[in-house]
Engineer: 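One structure coming up, written as structure tokens, with questions to follow.
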Amino acid sequence: MTERYDAKESEARWQAVWDERGTFVVAPDPERPKYYVLEMFPYPSGRIHMGHVRNYTMGDVVARYKRARGFNVLHPMGWDAFGMPAENAAMEQGVHPGSWTYENIAAMRGQLRSMGLSIDWSREIATCHPGYYRHQQAMFLDFLESGLLYRASGWVNWDPVDRTVLANEQVIDGRGWRSGAPVEKREMPQWFLRITDYAEELRAALATLERWPDKVRTMQENWIGRSEGLRLTFPIVGREAGLDIYTTRHDTLFGASFCAVSPEHELAAGIARENPEIARFIEHCRRTGTSEAAIERAEKLGVDTGLRVRHPFRPEVELPVYVANFILMEYGTGAIFGCPAHDQRDLDFARRYGLPVPPVVVPRDADPAGFAIADEAYLGDGILANSDFLDGLTVADAKEAMARRAEADGTGRREVNYRLRDWGVSRQRYWGCPIPVVHCPCCGIVPVPRAALPVVLPDDIDFETPGNPLDRHPSWKRAACPGCGGAAERETSTLDTFVDSSWYFARFCSPRADAPVDREDGAYWLPVDQYIGGVEHAILHLLYARFFTRAMTGHGELDLAEPFAGLFTQGMVCHETYRTQDGEWVPPVEIAEGQDRQKLRAATGEPVIVGRSEKMSKSRRNVVDPEDIMETYGADTARWFMLSDSPPDRDLEWTEAGVAGAWRFVNRMWRLVADPGRAVAPPGAAMPDGVAGDPALGEIRRAVHKAIAGVTGDLEGFRFNRAVARIHELVNLLADFDAAGAAAAWVRREACETLALLAGPMVPHLGESLWRLLGHDGLLADAPWPESDPVLTRDEIVTVAVQVMGKTRGTIDLERDAAQEAAEAAALALPTVTAALAGRPIRRIVFVPNRILNVVA
RNA sequence: GCGGGUGUGGCGGAAUUGGUAGACGCGGCGGCCUCAAAAGCCGCUGUCCGCAAGGACUUGCCGGUUCGAGUCCGGCCACCCGUACCA
């Protein structure tokens, strides 16, 4: 008999069979229910990494499982092919971003194919292909026409040395990553999509996404950040105008001790013209860049403008106006009033600049006269004090009273605000979807006629100098104005790659259609039933795709409420880290084990320092190449290990020992079925008479049917690690099952077939091999999912734990659903129970049928 | 800073969702097979006390609710993800 399973040979063979038969090529079929499984498509970086292997394995398990359940499964693959890495490669290696990208796609396609994924490759798309982005350009024009898209000025990180716009990740400690020069915030004309028009709808519809993780819905809800507040005007002393502020804590208005405006506020700009200190401060704030994290983490600083504003309800009170670096121009009006007693940031600010801290909300159990604020602002509920007409009210009532008064006398009005900002979609880069407009000195911004789409990127570009090659291209920019025919210039910015990934899920329905999405195909396949990807996309990508779905529906390009009916977010793949004594990172492939199991650098024999497990990354060199693993053990082993142990939504720790264990188990399943010493009944044989009466065979069948029920539930619930454990249990049991005879042979067929079917979605090549061993001519991929017999999955005898005062002292075996009296009698007869009771009288007995009996003494 | 999450044996994790904590795997120890090894097979393996029977302790830390808490509540600590131009 074959000692070992030849994974390489088998995997190549089955992949060829699936390919030849077109097993996974699908078309709409109104007769069958559809199921659309989608994993987040990869950026073509050059090679797949373990994160991809994990993501696509999970998706494939779902796709193959649903297929076995009779669904018409759409499972496509494509490439998120525009983006910065291609430009960086062009700069560093002198290759063209296009050829670099297409070569990477070819390499990664080969790697993904070797994983044996049940993908319909005929639907493959790449976002950098004109066949894809021409539709995006057409939609851009639709959105421009309807006003959903507009041009306005926006802030960018500007590298003054390289004279180029930097992404936030290219700004390191306030400096450009290449030039090292301090970056500055700069205002530039940009294109924006009015996602804020949909803020309320995007927020409200989160409630309909029942198959999304709560955490993602919460994150989106907080990101959209609906708030109900008050917009108020503080009259400026000595000026006609007032200062508009927005607040959600209008109950604390009488606790105001200053006002503050953003460094980008027009008021600040005005004063800066006469006040060099303010000008210097604004200049200083510009160097923080545009990243919210950097701005919020910077030390809270401000400068007094010298302006004074009058308290709207206490005209005799004048408050100073500061320019402060922690006020965001993007939120509210870019100006606030500071109430230090009840806001931590305001308190820190007030302490630093010696401003008063009058408390106006007093906790219910505190004495209003003695209540003072030390280092911590009081954020809780309480009773208003020192607040004129609000005194004695609760926070909620005070908000209401203040809003009413402000609206009545015209000092302010209620306003619903959102933290969400409009989506800036233009990028000053080459490798992205060209924006199809021209700038005409006479006609202004003119859309490129639809017949002239796509506007294609020029190939002859140079990356010798930093910045956008489209800007300095000798001819590409020049165009005739479609309006007046005069000389005009093309728009040289391209679209954010988040635009590309906002509708690719829909394009897969009809990847070669003349419209972005064919109406009938879209109606059949959409929405995506199960979307799978990393949590890192929980907010931006998913929110943009939800918005884009609405925008497309609004423009007649789609008819869909939400793009992703079900969402699953997977964890990262981690690995131990190794460093030499000198601190040099050592990759796992270079690690060997010494005699005392100490980890050594193989080449030198020097011991390495083992660090904690971290996300696989180039910088820590703790990356394991999936191709090496698949070369050594085969795709099934890599897939099996990916699904073992770690729950899919948590981080997975890749270990060499774990993979070896997975490989041993793949072989074990093979040997179990291939063993000629264990007779198996032919396919489709009827159950012999001997099966029903045999208790030993009954136990095997019980285990088999429990495995079916268990694995089915686990796959439905994304508990792949549990499913793997159950298959282990089944195999452990079957390994001991060596009975002979016709009845045993029939039971063995049922068991082995079940094993192949249950493991099939996870290790599909092995599954097909087992299926063939069991005498089937057809493919496992076409076989239906097994059904469990409810009679066999139910235990008639259950073990019930017996506790005394909540501590387990023994167990009793009872008939299922046994009455309390029977349970009590059996429990109180246990010597361990009587010993624990030590003669004390029983006060109470808590009995949960089939679970537990607790004696309280 | 803000928003969201995670924390259980030497390690990855399981736990019917408030009911026997540690399934399954990895590692380790012992044995079988072998001239030997690899592969495979069998057994043991949370910690502490005890020759043993047995007992005590144990789910990041502190406190609470409950007959009963890994699970619920309050407060901390550590790490991870996002923070709008990385994808």
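Each chain gets a letter, A, B and so on, in the order the sequences are listed, and its residues count up from 1.
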Engineer: Once hydrogens and angles are ignored, does a donor-acceptor distance under 3.5 Å link the base of rG1(B) to the side chain of E292(A)?
Structural biologist: yes
Engineer: Run the salt-bridge test on R178(A) and D162(A) with the 4.0 Å N-O cut-off and return the result as yes or no.
Structural biologist: no
Engineer: Kindly say whether, by distance alone, the side chain of D645(A) makes a donor-acceptor pair under 3.5 Å with the base of rG12(B)?
Structural biologist: yes
Engineer: Does the Q570(A) side chain pair with the main chain of I532(A), one donor and one acceptor, at a distance under 3.5 Å?
Structural biologist: no
Engineer: Are I591(A) and E576(A) side-chain neighbours, meaning at least one heavy-atom pair lies under 4.5 Å?
Structural biologist: no
Engineer: Tell me whether the side-chain N/O atoms of N732(A) come closer than 4.0 Å to OP1 or OP2 in rG25(B).
Structural biologist: yes
Engineer: Report the residues that fulfil salt bridge (Lys or Arg N to Asp or Glu O under 4.0 Å) with R419(A), sequence neighbours left out, ordered by chain and then residue number.
Structural biologist: E292(A)
Engineer: With a sphere of 6.0 Å drawn around CZ of R840(A), does it hold more than 12 non-hydrogen atoms of other residues, nucleotides or ligands?
Structural biologist: yes
Engineer: Using a heavy-atom cut-off of 4.0 Å across all strands, would you classify Q428(A) as base, sugar-phosphate, or nothing?
Structural biologist: base
Engineer: Please check the phosphate of rG25(B) (OP1 and OP2 only) for any side-chain N or O of S644(A) closer than 4.0 Å.
Structural biologist: no
Engineer: Between rC67(B) and R844(A), is there an OP1 or OP2 to side-chain N/O distance shorter than 4.0 Å?
Structural biologist: yes
Engineer: Quantified in whole Å, what is the P atom distance between nucleotide rA39(B) and nucleotide rC26(B)?
Structural biologist: 13 Å
Engineer: Please say whether more than 12 non-hydrogen atoms of neighbouring residues, nucleotides or ligands are located less than 6.0 Å from CD in E376(A).
Structural biologist: no
Engineer: Within the structure, does a side-chain N or O atom of R427(A) lie under 4.0 Å from either OP1 or OP2 of rC85(B)?
Structural biologist: yes
Engineer: Need to verify one output field. Residue with the more 5' nearest nucleotide on RNA chain B, D422(A) or E614(A)?
Structural biologist: E614(A)
Engineer: Below 4.0 angstrom from OP1 or OP2 of rG4(B), is there any side-chain N or O of R217(A)?
Structural biologist: no
Engineer: For RNA chain B, which residues in residues 164-172 of chain A have a heavy atom at a distance below 4.0 Å?
Structural biologist: V165(A), L166(A), A167(A), N168(A), E169(A)
Engineer: Classify the nucleic acid contact of V156(A) as base, sugar-phosphate or nothing, counting any heavy atom under 4.0 Å across all strands shown.
Structural biologist: base
